[in-house]
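All remarks here apply to the structure that follows.
It should be emphasised that the depicted structure is a prediction, and the values quoted were computed from it without experimental measurement. Below, chains carry the letters A, B, ... as their sequence lines are ordered, and counting in each starts from 1.
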Protein chains: 2
Amino acid sequence: MNREHVQATVTVDLVILTIRDNRLKVLLIERGNQPFQGQWALPGGFIRPDEDIDDAALRELSEETGLEGRHLHLEQVRTYATPGRDPRGRVVTVAYLAVAPDLPMPTAGSDARSAKWANVSRVGSLAFDHADILRDAVEMARSKLEYTTLAAAFCPELFTVSDLRRVYEVVWGTRIDPRNFHRKVVGTKGFLEQSAARRNPLIGRPALLYRRGPATALYPPMLRRSDSLASISSAT
Amino acid sequence: MNREHVQATVTVDLVILTIRDNRLKVLLIERGNQPFQGQWALPGGFIRPDEDIDDAALRELSEETGLEGRHLHLEQVRTYATPGRDPRGRVVTVAYLAVAPDLPMPTAGSDARSAKWANVSRVGSLAFDHADILRDAVEMARSKLEYTTLAAAFCPELFTVSDLRRVYEVVWGTRIDPRNFHRKVVGTKGFLEQSAARRNPLIGRPALLYRRGPATALYPPMLRRSDSLASISSAT
DNA sequence: TAGCTTCTCGTCATCTTGACAATAAATAGC
DNA sequence: GCTATTTATTGTCAAGATGACGAGAAGCTA
């Protein structure tokens, strides 16, 4: 096996998305070493000898967010292996999309590096091909909102219909009619489970609180209008 | 880089789907070497030193089908890296889904191995974790028929609405009303482009011939009813 | 020409969506 | 306490899309 075949180093990179201050944010870390020292990059790391990639992604997610990854949404996006994408040699990376509710931790790199939540719409150039990875992962998230209940993964355990609507609006970059949205999500069986509580907003009528239901697929899907796509600016 | 980090061999595996005799078929090859000698497996191979994975997949596809891969649909499914999935060592494989019109070549392995088109519904156990890969790829194809124009990739350059409908029926394992289907696909802008010709079937009224239009997405999508899912039997 | 098959166009009821009116239930200001 | 304001929720209606199915069109065979 190790004869003439190319050996590559395998890494896992994470696109961890959350919503803060009504903006879609991604967790970035500042690289402490070469290459790309001082530049911003997606969190990630090397897989271990006897570790599956899903487990490696879960481990990195826990290390970076300090949370039990098992409660967060995590799924593979795709794999990037263009020769030369890492100047140190042949490095193949498997990208994962993670979605989390607004985390208490804004910054706290497990290493000495600094970390930040960056506005997805304002992310400029990143180390390696991470800008491509980010773009692909965000598009995947936007698309998944249509056919799955992924949006609820952005919300804390108890949330209102408005919270959920804000997820769609922020991730898609659109306005959604609150009444039609309410009808749609409340009418979709298994999406939301009503709790006994209500929440008083600073102003306005109190809203019922819900938790995630068992459904993972949305049928029929909630389609974004084609004209609603907000693109990620690759320049600042 | 090559210090403490795990080195892995990277391979590409292809799930090449087509429709023959009104059945969904996948190209399988018989392994000539250990491990899993004599067992059926997905075609695939090692990436080359300076080759991107997409190019490796394209190359394998050309080698296996003898066709210019650039005319076929090819996209990444996901990456499999469970330790122990290959007894020879740490092998990470990137799976691709390819969709082709009925190929003139039923068998013709580039190596001495034999090859065959196997009924997807009757594929039993395969070498490595290829049964898992096949299952994931087929589900991806089924799902993509809903919101993309992938179905046309199963068809030759000129095809009828019935040909296209048969793709949906075979891949989904359902019956579709010909009249409603006709209305839907002809009414979807950019899906089909009418040609000047017709085709005389053995019996019945001649059908207009179409070619693929420029659209890649289907909006609104053509949703399969949830009860229509045909599962791949993992046993013979 | 009759009979059969498949292709294509139409019809109609039902379901879903988009636009928007109206009511409910809280807070803030007076 | 009363009113204005804000957000949540229910409801209405027309437009769009789908599922079920009728029927004519256009070829073949007998």
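- Among the heavy atoms of the strands lying under 4.0 Å from B:S162 are primed sugar atoms or P, OP1, OP2 only; no base atom is included.
- Atom CD1 of B:I176 is separated from atom P of D:dA17 by 19 Å (rounded to the nearest Å).
- Note: A:F128 and A:H130 have tilted aromatic rings, judged against thresholds of 30 and 60 degrees for the angle between ring planes.
- Taking 4.0 Å as the cut-off between side-chain N and carboxylate O, A:E157 and A:R212 do not count as a salt-bridged pair.
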*Scan nucleotides 23-30 of chain C nucleotide by nucleotide, 5' to 3', and note B when protein non-hydrogen atoms come under 4.0 Å of the base, S if they reach only the sugar-phosphate, - if neither.*
-BBSS---
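- Phosphate contact (OP1/OP2 of D:dT10, side-chain N/O of A:H182, threshold under 4.0 Å): present.
- Mapping B:D177 and A:R179 onto DNA chain D by nearest heavy atom places A:R179 at the nucleotide closer to the 5' end.
- Scored by the side chain to side chain contact (heavy atoms under 4.5 Å, CB included) test, A:T18 finds A:R20, A:K25, A:D102, A:W117 as partners (sequence neighbours excluded).
- Within the structure, every side-chain polar atom (N or O) of B:K184 is placed at least 4.0 Å from both OP1 and OP2 of D:dA17.
- Separating the OH atom of A:Y219 from the P atom of C:dC15 is a distance of 13 Å, rounded to the nearest angstrom.
- For the pair A:R183 CZ and C:dA21 C1', the interatomic distance rounds to 14 Å; values are reported in whole Å.
- Side-chain contact annotation: A:D13 with A:Y80, donor-acceptor N/O pair under 3.5 Å absent.
- For the pair B:L223 CG and C:dT14 P, the computed distance is 21 Å after rounding to whole Å.
- In this entry the distance linking NZ of A:K189 with P of C:dT16 reads 11 Å, nearest Å.
- Ring-centre distance between B:F159 and B:F154: not below the 6.0 Å cut-off.
- Straight-line distance from the CG atom of B:N180 to the P atom of C:dT8: 15 Å, rounded to whole Å.
- At a cut-off of 3.5 Å, with distance as the only test, a side-chain donor of A:Y96 or A:D54 sits close to an acceptor on the other residue.
- In this structure, A:R165 reaches the sugar-phosphate backbone alone: every heavy-atom distance under 4.0 Å involves primed, P, OP1 or OP2 atoms, never a base.
- Under the 3.5 Å distance criterion, with hydrogens and angles disregarded, a donor-acceptor pair is assigned to the side chains of B:S114 and B:E30.
- Separating the CG atom of B:L208 from the C1' atom of D:dA26 is a distance of 11 Å, rounded to the nearest angstrom.
- Rounded to an integer number of Å, the gap from CZ of B:F181 to P of D:dA17 is 17 Å.
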